[in-house]
Each structure stands twice: as structure tokens, then as C-alpha cells.
Undergrad: 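Below is a structure I'd like to ask you about.
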Amino acid sequence: MKRSSLNRNLRRSALTVALGLCFSSAVHAQQSSGALFGQATSGETVVIDNPATGYHREVVVGADGGYRVPGIQPGSYRVTLKRADGTTAVRDVQVNIGTGTPVNFAAAGGTTELGSVTVLGTRSVNPIDVSSVSSTSILTAEQIAKVPVQRDATSVALLAPGTVRGDTAFGNLASFGGSSVAENQYYLNGFNITNSFRSLNFAQVPYEAIAEQQTMTGGYGAEFGRSLGGVVNMVSKRGTNDFHAGGNVFWSPDSLRAETESTFYSNPLVPGDLGKLRQDNSEDTLGEYAASVWAGGAIIKDKLFAYGALTYKKTDQDYWGTVLSRTNNNESEKGDPIWLVKLDWSINEDHHLEFTGMSDKRTTTTKTYLNTIGQLDRGALVGTSYAESGGENYIFRYNGYLTDTFSVSALYGTSEYSRSRRLVTADGTRVEYGGDINQPASGCPVITDVRPGYRQAITGGYASACNITGTSIDRVDSKDNRDQFRLDFDWEIGDHRIGFGYDTDDFESIAGQSLEGGRIWRYSTNNGPDGLANTGDEFDIVREQIVNQGSTVRVEQAAYYIEDNWAVTDTFLAYLGARWDTFENFNGEGEAYVKIENQFAPRLGFSWDVNGDSTFKVYGTAGRYALPLTSSVAVRGASISLFTRQNFNFTGVDPVTGAPLGLTPRGALTYINGEFGEPKNAATIASKNLDPMYQDEYILGGQYALTDHQNIGVKGIYRKLKAAIDDNCDYTPIYDMAVADGLDPVLPSSGFPYCRMFNPGADSVFLTDIENNGVLTEYTVPGELLSPAAKRSYEALEFSWDGAWDKWFASASYTMAWSKGNTEGGVKSDIGQADTSVTQDFDYKELAVDSYGYLPNDRRHSLKLFGNYQFNDEWSAGGNLLVQSGRPINCLGVLYPYHGGIHPYGASFFRCGTTEAGGVSGPSEPVPRGTAGRLPWTNSIDLNVAYFPKWASGLMFNIDVFNVFDSQKVTSVTEVAEDGTTGVPLNTYLVPRGFQTPRSVRFMVQYDF
């Protein structure tokens, strides 16, 4: 339909006021508020009312014909213009989180007044916002409910362009713009709910309590920090004058879930095992249900409101593991019902207080049973694991208008998050770790058998009949505590709107792990004197590994920022911002080992309304973003820890524990990375000239309104990592310098750590107690002696289309992206390493050889389409399509020869043997990052149908079918190709670690009143 002149004037006046009043949609997004702005005749009065909450505010239109009201809670509002002659005009509008809503009563310049009009309804997709320079997507609870998508923050964030799902090793979190999954931040009602221990999880808010979710993929302003990826900002529902209550039940039965694909050995260099079954998943099960209730209303009409939601969820699953496993598992996640309570007190029209309380405490109970190796049977109970997660969050916030042009927001929040784990054997014996490295975890040791199939056929597979978890367990008192304070101000001065603020964010962790049973025994095969497999001279060896840590560590963070939204002209908005961050990390002895002060992060942007009517927007941003070290870094890197390895010959194996018998050492005990069980000297842990991890980002884009119902957009993004923080464990440069100076180094010692924090590629200034006599000597180590510079770049071109009509809405995007470098960032998907900020990427310079290439989160092509169609008042249907290219594959093998043997980091290098003899006894060649192939394209279609019966107002039935065609393409594989002890090819190379989630069906019934 052709646009009317009225519509064009509305668009034009919206833009003019947005620019003239300097509104940026990202401003105060952490405070979970929005704003109203518009244009009318100077001197007239604009009244904003929310009948549901009693909110009332009056503002006088300024001399320039504009008005603006910041800090408004998301919701429905009625805006009334009172003219001097007594007539009125009315608009009904919706205010969303972190955005500005234009409400205009005159065209640009105030030359045309409109009659009394009431505008009802809002769009279902994001309109062009000419007042914003950021890249953001907002979905309301109503929109999310119409789309077949899992009800959690990550799944909703993955609907946004430029996001991809990360590796399964980290819980399938979202990667934003090529960053690792550990570089995002998550907020609820302005409070940081990210678990900053490793930044790999966040508080699980009851999703029925979420009113809106804002997903910011780039270009965000100076008030946001501590993120190189994206920001997920959620605001909860709240009570109103009208009492509302309801409940629903979601049920996903295992009987309607498709069978998960089984896995088979895939390494052609182990032909005897090629194609044989590795893991039979045919008996695996997964079913879940969730029940929620909620209610909200006024305690005192127009003044005091309450809202509460309660969700009980239970997940049951069986998984049987590999054909070599001697145990299988039944896992159930449940616990106390998770809940959220929101209280709002409108003291008067200028002052507002609110409180949010939320708990997501839950316990995952995993029962481990015996089974016959190679069969799917269930024998006697071995033991039970109880893993706690989640905790309680309490948030207090004040919003106030001190004058018509000066407002303030203050927030204080505190949270606790449990990571405790304890085990109980079948006979009731407790197995746990208390955090003392001299008293490792009790129980039976972990057993790993990586021998080739022909050796296992001779002896049978080695496994434990009494180990419960097969891995490390967290100390029984593991938990994290956060205290956050934030103060933000908003001040309008002529053509400028100044925002400034300060925040502190302190995070403390009680942490530590120990292998169940105190150690892991790893069996492997030596190919014997001829170096060839399966010729009769092979023999088996075993390696003992002990890893214990335990400490209380913390991070103290502070930042201040200032920003200016400047209306340069009526059609051009300039954004100028700056942020200064300070990070300080403390070890288990309470000593600071890293402090970075006042890291400067400029932010710039512009928005140009080309046609002057908000139908064609060109915008751009340039910004620097910094990331602090997580608290987990100090647990091993700066505090007391123990890590040993030793190889043995053996004569037998205990039939119950799987532990070796008749041990004879093949070499001396080795302390890995100098972790020998004594506290470390904090002054020696990090380079004195350490810079934070930071990256620069540049965005240039445009949006165009094809019609009143359709927008298209295009955007180019470039991100470049400028500095990284990681650890380097090669002590030889300092050792050689000390010897050259006539000193006699003592290794290992508390003041001569093997691993230290540094900026890869940069010259590093280290203090070292060379002779273990308390004297610290300073050495500057040239960067080229330690590692090359860290490199990571992301280049992308995004195309988007949004449409909304009376009966349906849809959103589509296509992203072509290149993510390239020699480091993924905070974590390492190549091997599933979750040690945030201390991956093995730069531990030795040899590890970085041929490491530059396409990174794990590189998806060249991504196509997304989702929407909903309302057939009539009773029926609707929704869809969600994802088509994506696969990730690159690596081949990781041993480095040989290295000082006469295999490099101690084992199969961690971008090179592999080319024959069955492996990388030690046979030829080996480089395999640069990402050149070992690509995983296949993936595609999935999710559909839903909803029924709203007229005969029962408030009742709703819904069915979601996820992955309708049951496409189960491989999404990740094992990339370690050789045994790290012998260099022999592993049969597990290229075995799938993850598939697309099988087809499943979810039923829902809901009643609102």
C-alpha cells in the first residue's frame, strides 16, 4: 500500500525528535528501561499514563518542539497531548527495553498538527530506529511464545544474526561475531547474572517470568563493558493494577524423540577398527517436563506491585557411553523449584524503587550402573553423583528524576552460585574432595584405555567397576559470590545528552578439583622396536596422572564511563563515548597477581537519516572492548596446585578398580608446568607490563523501509583482536638468561613458576626468584622467544528482512562470515578445553606453529528465518528455519623429535603422521588449522501450532516439533589424532562428539486469568 503523507510526517517527526533530543537506544539498557520522545508545538503539555501501574508524568514541550521522558519501565502507555485551546490528541504505545518509542503530534519543525488520534497495537518485529547506532534485537514474551524455540536465553539469542552455537563441550552456548562462548555478558533487570568463574554459564531465570530479551551483537555504548562477544539483557515481568495469574505445563516425552545417531571409528590410519561401532546410542533416552505458575497484581493500587513466578522442572535421561565402558548412567536434573519475585514501589511520579529476588538452585543426580563391556545391559548400582548448580540473586534498584533534564539510576545486587559435587557409593560411602591438595578425592581411580582394538582384543578392555564419574570432581564447598553496585546519570544539555556512570563488580570463588580416586591411569600401546603397529613386538604401558587444586580466589572490577549523544544536524546523530576499566585479580593467599588500571575504551558512532523520513538509515560504529581475567585463572595459575605424571610398565590389572599391578617406573616423576604443591609468589605470576585482552570493532550498515510493513538491511562487521592474555609455560628463556648471568636456577620453586600470564607476541617483563632465596630478579623476555602474537579476526556481511502484517510476522537473515586466527579466545573448542584465559594455545611457541587458520566458530554461511501466522482467533502456526555451513576440522598430533623425545604436551600440535606408524615412527607433516576438512552443512526446521478455544477464554494448547525432518548431521568431532605418549594413531580421531539434536515433540497447555 502506498504511504500516506500522514505516515511520512510521522516518520519524519520521529526522526527529527530522536536526533534533536539525542536519544540512543542502547542508553541505560543495563537498567532495563526505555524512553518516550516526540514532537509537538512548543509550550504544550504531554501527559504519559500507564493505567495498569498508575504511572503518571507530565512534561512541557521545549522551545525546539521536542520532549523526552527517559527511564520508563517496559509496558503499554497512553500519551496525551494537551493543547492550549483545551483539545487533546492521544496515542497508545509500547515501550521496550533499551529502546526509544517515538510519539509525535506534529511533523518536523512543528508545522503540522494532527487531530485527536488513538494508535493501537505494536509491530512484532524491530522497526528502523534512526536514533540508534547499536546492533540489537528485541523479542517480547508474546513474540517468543509464537515461535518454536526452546525457552531459554541462549536459544532466543541464537535467533539474532551473527550468532552461532558453540561447541558441545561448553554447553552449546552462543558465540557472537566470532568470539568464544566465554566472552559474553548476561543481565537480568540490570544485574550481571553471568557466572564469572569461567564465564561459561549464567543464572537460569524462570523463562515464564521474562517480559523481554534484548540481544546486542555489536556497537553497544560505553556503559557496557567486560565483553568481547555479545550482551544478553533480560527484563522480568512485573505486577500491575489488574490481577493476573496463570500456569502452564510443558512436556517432551521420550517416546516421541527420535533415536540419537550412534558413532563409529573413523580414522583410516587404524584400519583394523575403521567402521566399527564406537558408541551405541540406540537405548539412550531423554524426557522432560516443566510446570509453572505465576501471579501478579497491586498490593496498593497505583503504588506497590508484586509479581511472582515458580517453575518446577525435571529432566530424565539414560546414556550408555562407549562400547568400552563398563558403566552406564541414568541422570535426573531437578531440585527446589526455581522462582522469581518482583516488587515495584512508585513512591511518586519522580521516584521508583524495585526489588528482584530469583533462585535457580538445582541438583543433577546421576546414577552409575555396571554393564557388560560392549553390551547395553544394566547391572548393579556403582554409585550416585549429586552436582549442585545455581543459587540466589537479590537486586535492588532506584530510578529517579531529579529535574526534568537530569535523572539517576542506582543498583545494588548480590548473588551466590553453587558448583558443589559429592558422590555416594552403592554401600553408602561418601566420596568427595574437601579442597586440600594433600588429601585428594577419595574413591576409585579413573581408568582410560586408548589402546588400539587389536590390543584390547588380546587382553580385554581395561575399565573400572567402582569409579562413578570418570573425571574430576569439584570440591564439596565450591561456590561463587558476586556483589555489584552501579550508578548511572542522564543529563540533557541543549543538543547534547550526556550519560555518565560508575560501577563495581566483585566476584569471589571457592574452587578446586581433584580426580575421583585421586588419579587417572591411562593405558596405551608402544609399537615396539620396529615402530610398526600389530607386528608382534608391541607392549602396553600405563601413565599415572594426579591433579589437585583448592583455593579461594577473587576478582575486583571497577569502571566509569561518559558518553554524549550529539544532534549535529536534524538528520545526523553523532555518538561519542569513552570507558575506563580497572581489573584486579587475587590468588588463594589473598595477594594480587594481576592489576590493570584505567584501560581506555573509546566508542564512536553515527546515524544518518538519508531521506529525512526514517525510511533509509545509514549508520556506523567504531569501538574498543576489553575483557578481564576470570577468577578461575588463579586456581591453578597463581595458587597452590599439584599436577604430576609418570609412566610405568605393569604386569597386571586389578579386575575391580582397573588399576595396574606390578608397576615398574619407565622414567622419573614429572611435575607438569611446575605445579609441585606449594603456594606461588604472586609477584612472579604475570608480566609487569600486562595489557588486558581487548579487540576493536567496526560496523557500517544501512536499513531501508520497502513498505510500511517490510524493512531490509545490510551490515558489514569487522572485529580484530588487538591483545590477548594467556599463559606461557616455557621457562627456558628466563633460565638461559639467569645462567648467562652466573646464577644457579632452582626448579621448580614457588618463585620460579613454569607458567605465567602474558600478552602473546609482546615483550614480557617478569620477576623471578631464580635461586629460591627470596631475591626477585627482573628479566625482559622478547616476545618472539615465547610465542607469536595472538590473532583473531571476524569479517561478516549480514543481510536482513523483517515483515509484519495484521495476521503474520517474519524475520529473516543471511550472514556470510569469516572467522580466522591462531586463537579462539577464552576457551579452546579443538580439544574442549574450558580453562578460560589459560588455554594451551601459547604455552609453548611450538604449539602456535601452523595454528593460524579458520577457527572453530567459523560458519561461512548462516540462513535464519522465523515467524508466525494467525489463521483466525483460535488457530496459529509458527516456524523456525536454520541452514548453516559446517565448522573446520583439525588434525592434532605429537611433535617429534623434541629434545630427543616427544614434546611433553603430547598430541597438541598442528601436524600428524601420514601412515599407520604414527607421528613418531613414521613420516609426519604439518596440517595447518582448519585444513583437515569441514563438517557437513546442517539444516533444521521447527514448527508449531497453537489453539486458543473460544469456549474457554485464557486457555491455550500448543505443540512444537523441533527438527521436523530429524536431520542429525555431525556438529563436532574428536580432533586429537595421535596418542600423546607414543605417537601411535588413535582410533578415536574423527569420531563424532556431537550431532544435531534429534527430532522431539513438546506439548504445552496454559491457562491465564
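Just so it is clear, the model here is predicted, and its values are computed rather than measured.
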Undergrad: Counting only heavy atoms not in Q375, do more than 12 fall under 6.0 Å of its CD?
TA: yes
Undergrad: Residues two or more places apart in sequence or in another chain: which of them pass salt bridge (Lys or Arg N to Asp or Glu O under 4.0 Å) with D152?
TA: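 Salt bridge (Lys or Arg N to Asp or Glu O under 4.0 Å) check on D152 returns nothing, list empty.
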Undergrad: First locate atom OG of S524, then atom CZ of F539, and finally report the distance between them rounded to the nearest 0.5 Å.
TA: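 Going from OG on S524 over to CZ on F539, the span is 9.5 Å.
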Undergrad: Are there more than 12 heavy atoms of other residues, nucleotides or ligands under 6.0 Å from atom NZ of K479?
TA: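 Open: at most 12 neighbouring heavy atoms sit under 6.0 Å from NZ of K479.
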Undergrad: Got a sec, which pairs hit ring-ring contact (aromatic ring centres under 6.0 Å, His included) with one end in residues 366-392, sequence neighbours left out?
TA: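 Those involving residues 366-392 do not exist here.
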Undergrad: Who are the ring-ring contact (aromatic ring centres under 6.0 Å, His included) partners of Y731, not counting sequence neighbours?
TA: Y754
Undergrad: For Y898, enumerate each residue passing the ring-ring contact (aromatic ring centres under 6.0 Å, His included) test, keeping only those at least two apart in sequence or located in another chain.
TA: H903
Undergrad: Please identify each residue that fulfils side chain to side chain contact (heavy atoms under 4.5 Å, CB included) with E432, with sequence neighbours left out.
TA: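 E432 satisfies side chain to side chain contact (heavy atoms under 4.5 Å, CB included) with R422, R430, V476 once adjacent residues are dropped.
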Undergrad: Could you tell me whether the side chain of S639 and the main chain of G588 form a donor-acceptor pair under 3.5 Å?
TA: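 Yes, because the side chain of S639 sits within donor-acceptor range (under 3.5 Å) of the backbone of G588.
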Undergrad: To the nearest 0.5 Å, what is the distance between CG on L376 and CG on N281?
TA: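 The distance works out to 9.0 Å.
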Undergrad: Tell me, which pairs form a side chain to side chain donor-acceptor pair (under 3.5 Å) where one or both residues lie in residues 661-675, sequence neighbours left out?
TA: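 Listed once each, the pairs are R636-E675, S641-E675, N649-R666, N673-Y905.
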Undergrad: Going by atom types alone, do S252 and R257 pair a side-chain donor with an acceptor below 3.5 Å?
TA: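 Absent: no donor and acceptor within the cut-off.
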Undergrad: Using the rule given for side-chain contact (heavy atoms from CB on, under 4.5 Å), can you reason through I447 versus N467, listing the C-alpha separation, both sets of side-chain angles and the distance that settles it, and then say yes or no?
TA: CA-CA 8 Å; I447 306 298; N467 183 272; over 6 Å; no
Undergrad: Are any of the side-chain heavy atoms of Y454 and E538 separated by less than 4.5 Å?
TA: yes
Undergrad: Quick one: do T327 and W320 satisfy side-chain contact (heavy atoms from CB on, under 4.5 Å)? Show the steps, please.
TA: CA-CA 7 Å; T327 59; W320 298 81; over 6 Å; no
Undergrad: Take T414 and D483, measure what side chain to side chain donor-acceptor pair (under 3.5 Å) needs, and give me the verdict at the end.
TA: CA-CA 5 Å; T414 184; D483 285 292; 3.2 Å; yes
Undergrad: Test S509 against every option in D480, T630, T552 by the side-chain hydrogen bond (donor to acceptor under 3.5 Å, both in side chains) rule and name the one that passes.
TA: D480
Undergrad: Decide whether S418 and E388 meet the rule of one side-chain donor and one side-chain acceptor closer than 3.5 Å.
TA: yes
Undergrad: Taking the basic N atoms (NZ, or NE/NH1/NH2) and the acidic carboxylate oxygens, is any pair closer than 4.0 Å for R645 and E544?
TA: no
Undergrad: Evaluate the salt bridge (charged side-chain N to carboxylate O under 4.0 Å, His left out) criterion for residues R522 and D979: first the C-alpha distance (whole Å), next the side-chain angles of each, then the deciding distance (0.1 Å), finally the verdict.
TA: CA-CA 11 Å; R522 183 181 185 273; D979 176 55; 2.6 Å; yes
Undergrad: Check the pair T982, N526 against side chain to side chain donor-acceptor pair (under 3.5 Å), reporting the backbone distance first and the verdict last.
TA: CA-CA 6 Å; T982 65; N526 187 301; over 6 Å; no
Undergrad: Under a 3.5 Å distance rule, please check whether D449 uses its side chain to pair with a backbone N or O of Y462 as donor and acceptor.
TA: yes
Undergrad: Counting only N and O atoms by type, is there a donor-acceptor contact under 3.5 Å from the side chain of R419 to the main-chain atoms of G390?
TA: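 Judged by distance alone, no pair lies under 3.5 Å.
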Undergrad: Can you list the residues that meet the salt bridge (Lys or Arg N to Asp or Glu O under 4.0 Å) rule with K367, with sequence neighbours excluded?
TA: none
Undergrad: Should R554 and D506 count as an ion pair when the cut-off is N to O under 4.0 Å?
TA: no
Undergrad: Does the side chain of N890 come under 3.5 Å of the side chain of E975 through a donor N or O and an acceptor N or O?
TA: yes
Undergrad: Quick check: do F586 and V555 have side-chain heavy atoms less than 4.5 Å from each other?
TA: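 In short, these two side chains do not touch, never coming nearer than 4.5 Å.
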Undergrad: Given side-chain contact (heavy atoms from CB on, under 4.5 Å), test V827 with F170 step by step and report yes or no.
TA: CA-CA 9 Å; V827 295; F170 315 122; 3.6 Å; yes
Undergrad: Do T372 and D377 have side-chain N/O donor and acceptor atoms under 3.5 Å apart?
TA: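 Side-chain D/A pair, T372 to D377: present.
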Undergrad: Kindly write out the residues that satisfy side-chain hydrogen bond (donor to acceptor under 3.5 Å, both in side chains) with D284, not counting sequence neighbours, or none if the list is empty.
TA: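 Partners of D284 by the side-chain hydrogen bond (donor to acceptor under 3.5 Å, both in side chains) criterion come out as none, since no residue qualifies.
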Undergrad: Do the charged groups of R378 and D318 touch, with an N to O distance under 4.0 Å?
TA: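 Here R378 pairs with D318 in a salt bridge, since their nearest N and O are under 4.0 Å apart.
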Undergrad: Checking F197 now: which residues fulfil ring-ring contact (aromatic ring centres under 6.0 Å, His included) with it, not counting sequence neighbours?
TA: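 Testing F197 for ring-ring contact (aromatic ring centres under 6.0 Å, His included), a comparison that skips the adjacent residues, returns none.
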Undergrad: Under a plain distance cut-off of 3.5 Å, with no hydrogens placed, do E516 and T469 share a side-chain donor-acceptor pair?
TA: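 There is such a pair (donor and acceptor under 3.5 Å, judged by atom type) between the side chains of T469 and E516.
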Undergrad: Mind checking what makes ring-ring contact (aromatic ring centres under 6.0 Å, His included) contact with F650, not counting sequence neighbours?
TA: Y523
Undergrad: Below 4.0 angstrom, N of the basic side chain to O of the carboxylate: do R756 and D730 qualify?
TA: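 Looking at D730 together with R756, the answer is no, because their closest N to O distance does not fall below 4.0 Å.
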Undergrad: List the residues meeting salt bridge (Lys or Arg N to Asp or Glu O under 4.0 Å) with D167, not counting sequence neighbours, and say none if there are none.
TA: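 Applying salt bridge (Lys or Arg N to Asp or Glu O under 4.0 Å) to D167 gives R887, R993.
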Undergrad: Would you say the side-chain atoms of D254 pair up with the backbone N or O of G287, donor to acceptor, closer than 3.5 Å?
TA: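 No; zero donor-acceptor contacts below 3.5 Å.
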Undergrad: With heavy-atom distances below 4.5 Å as the criterion, would you say the side chains of V450 and L986 are in contact?
TA: yes
Undergrad: Any sub-3.5 Å donor-acceptor pair from R198's side-chain atoms to V633's backbone N or O?
TA: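 No; judged by distance alone, with no hydrogens or angles, the pair does not exist.
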Undergrad: T285 and Q317: side-chain donor and acceptor closer than 3.5 Å?
TA: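 No, because no side-chain N or O of T285 sits under 3.5 Å from a partner of the opposite role on Q317.
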Undergrad: Report yes or no: does N681 contribute a side-chain atom to a donor-acceptor pair with the main-chain N or O of S750 at less than 3.5 Å?
TA: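 Not confirmed, N681 side chain does not pair with S750 backbone.
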Undergrad: Has the side chain of E183 got a donor or acceptor atom that lies under 3.5 Å from a matching backbone atom of G826?
TA: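 Yes; judged by distance alone, with no hydrogens or angles, the pair exists.
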Undergrad: Go through the side-chain N and O atoms of N328 and T368 and say whether any donor and acceptor fall under 3.5 Å apart.
TA: no
Undergrad: Testing the 3.5 Å rule here: is there a donor-acceptor pair between the side chains of S908 and Q840?
TA: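 A pair is found: one side chain offers a donor N or O, the other an acceptor, under 3.5 Å apart.
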Undergrad: Ignoring hydrogens and angles, state whether a donor on the side chain of N548 or S514 is under 3.5 Å from an acceptor on the partner side chain.
TA: yes
Undergrad: Y433 vs L515, test: side-chain contact (heavy atoms from CB on, under 4.5 Å). Steps then yes/no.
TA: CA-CA 9 Å; Y433 176 52; L515 288 160; over 6 Å; no
Undergrad: Does a salt bridge link R451 with D540, judged by any charged N lying under 4.0 Å from a carboxylate O?
TA: yes
Undergrad: Is it true that a side-chain atom of E978 and a backbone atom of V894 form a donor plus acceptor pair closer than 3.5 Å?
TA: yes
Undergrad: Would you sort out whether E288 and T315 count as a side chain to side chain donor-acceptor pair (under 3.5 Å), showing the intermediate values?
TA: CA-CA 4 Å; E288 60 184 9; T315 301; 3.2 Å; yes
Undergrad: Sequence neighbours left out, what passes salt bridge (Lys or Arg N to Asp or Glu O under 4.0 Å) with R421? Give chain and number order.
TA: none
Undergrad: Checking the side chain of D835 only, and the main-chain atoms of V838 only, is there a donor and an acceptor separated by less than 3.5 Å?
TA: no
Undergrad: Between S478 (side chain) and R475 (backbone), is there a donor-acceptor pair under 3.5 Å?
TA: yes
